[in-house]
Amino acid sequence: MTAKHDAIAAASPWVRRFAAAIPTDGVVLDLACGSGRHTALLASLGHQLMAVDQDISALELLQSATVQIQKLDLEGSDWPLLGHQFSGIVVTNYLYRPFLEELPKMLVEGGVLIYETFADGNAVFGKPSNPNFLLNPGELLALAQRSGLKVIAYEDIYLDQPKPAMVQRICAVKGHLKGCVPLQFVG
Ligand SMILES: C[S@@+](CC[C@H](N)C(=O)[O-])C[C@H]1O[C@@H](n2cnc3c(N)ncnc32)[C@H](O)[C@@H]1O
């Protein structure tokens, strides 16, 4: 198995399930992409990517004609992606509330937001335990509703894999869904 295959295998089941909902005719943003596990997955599905993080040291191998890697501070005084438009935005295991509202604004018509991160109640399982990094009950749902996104799926649940955690996650679309969504992720 190559490092790229390992990365795809480690992708979140939530992202794997809803990746097919993202239109294929634009650029997908992998926000605070870390090692790029979702960049690798989405690139393998034929998407163009912009992968951003403050630490891009692990991402060199993913750079290609269709994958643009950018080192950005996402928590400065100004939103660094102002004016960008995306067919999809994927955020996992990352939360910075001051710029949360910027995400729906960057979606094109038909664009899809896939967001999954730790939620209120996670402290009993360990880190993250700082409330700044934990979603409040219904927070992603409220974001979608006040931004005019249509909610395709939403969960606020306990997960035992990949480690015990409280997790909130959403898939929401701006306007009408162009892609398709399998009933559930298999495999
Ligand atoms: C827990 S990791 C999640 C990585 C990836 N989304 C995933 O789920 O595999 C959080 C990521 O946020 C990035 N990050 C934290 N603060 C940041 C900042 N101010 N600007 C850009 N990236 C930041 C870290 O470098 C790290 O890669």
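Whatever order the structure lists ligands and atoms in, that order sets their numbers, starting from 1. Note that this is a predicted model, so its numbers are computed, not measured.
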(request) Using the side chain to side chain contact (heavy atoms under 4.5 Å, CB included) rule, take Leu107 and Ile89 through it: C-alpha gap first, then chi angles, then the decisive distance, then the call. (result) CA-CA 7 Å; Leu107 287 173; Ile89 299 175; 3.7 Å; yes
(request) Establish, from distance only, whether the side-chain atoms of Gln168 and Tyr115 form a donor-acceptor pair under 3.5 Å. (result) no
(message) Need the ligand 1 atom indices (1-based, order shown) with element for anything under 4.0 Å from a heavy-atom of Gly34.
(response) 4 (C), 5 (C), 27 (O)
(message) If we set the cut-off at 4.0 Å for heavy atoms, which region of Ser12 has an atom near ligand 1: side chain, backbone, both, or neither?
(response) neither
(message) Other residues, nucleotides and ligands only: do more than 12 of their heavy atoms fall within 6.0 Å of NZ on Lys163?
(response) yes
(request) Just need the protein heavy atom nearest to atom 2 (S) of ligand 1, so name the residue and atom and give the distance. (result) Asn93 O, 4.0 Å
(request) Would you mind finding which of Gln54, His38, Glu75 brings a heavy atom closest to atom 21 (C) of ligand 1? (result) Gln54
(request) Kindly determine whether Met166 and Asp120 satisfy side chain to side chain contact (heavy atoms under 4.5 Å, CB included), including the steps that lead there. (result) CA-CA 7 Å; Met166 292 303 298; Asp120 180 48; over 6 Å; no
(request) Specify the protein heavy atom at minimum distance from atom 8 (O) of ligand 1: its residue, its atom name, and the distance to 0.1 Å. (result) Thr92 OG1, 2.6 Å
(request) Would you please indicate yes or no on a ring centroid separation below 6.0 angstrom for Phe118 and Phe125? (result) no
(message) So if I count the atoms of ligand 1 from 1 in the order they appear, which ones are less than 4.0 Å from some heavy atom of Asp73?
(response) 18 (C), 19 (N), 20 (N)
(request) Distance to 0.1 Å, residue and atom name: give those for the protein heavy atom nearest to atom 25 (O) of ligand 1. (result) Asp53 OD1, 2.5 Å
(request) Find all atoms of ligand 1 within a distance of less than 4.0 Å from any non-hydrogen atom belonging to Leu72, and give their numbers and elements. (result) 20 (N), 21 (C)
(request) Indicate the ring-plane relationship of His84 and Phe86, choosing parallel, tilted or perpendicular according to the 30° and 60° boundaries. (result) parallel
(request) Check ligand 1 against Tyr94 and write out every atom of the ligand that is under 4.0 Å from a heavy-atom position of the residue. (result) 12 (O), 14 (N), 15 (C), 16 (N)
(request) State, without any angle test, whether Glu116 and Ser12 hold a side-chain donor-acceptor pair at a distance under 3.5 Å. (result) yes
(request) Could you check atom 20 (N) of ligand 1 against the protein and tell me its nearest heavy-atom contact, residue, atom and distance included? (result) Leu74 N, 2.9 Å
(message) Using a strict threshold of under 4.0 Å (side-chain N to carboxylate O), is an ion pair present between Glu109 and Lys178?
(response) no
(message) Please list, in number order, the atoms of ligand 1 under 4.0 Å from a heavy atom of Arg37.
(response) 7 (C), 8 (O), 9 (O)
(message) Tell me the nearest of Ser35, Pro80, Ala32 to atom 5 (C) of ligand 1, using heavy-atom distances.
(response) Ala32
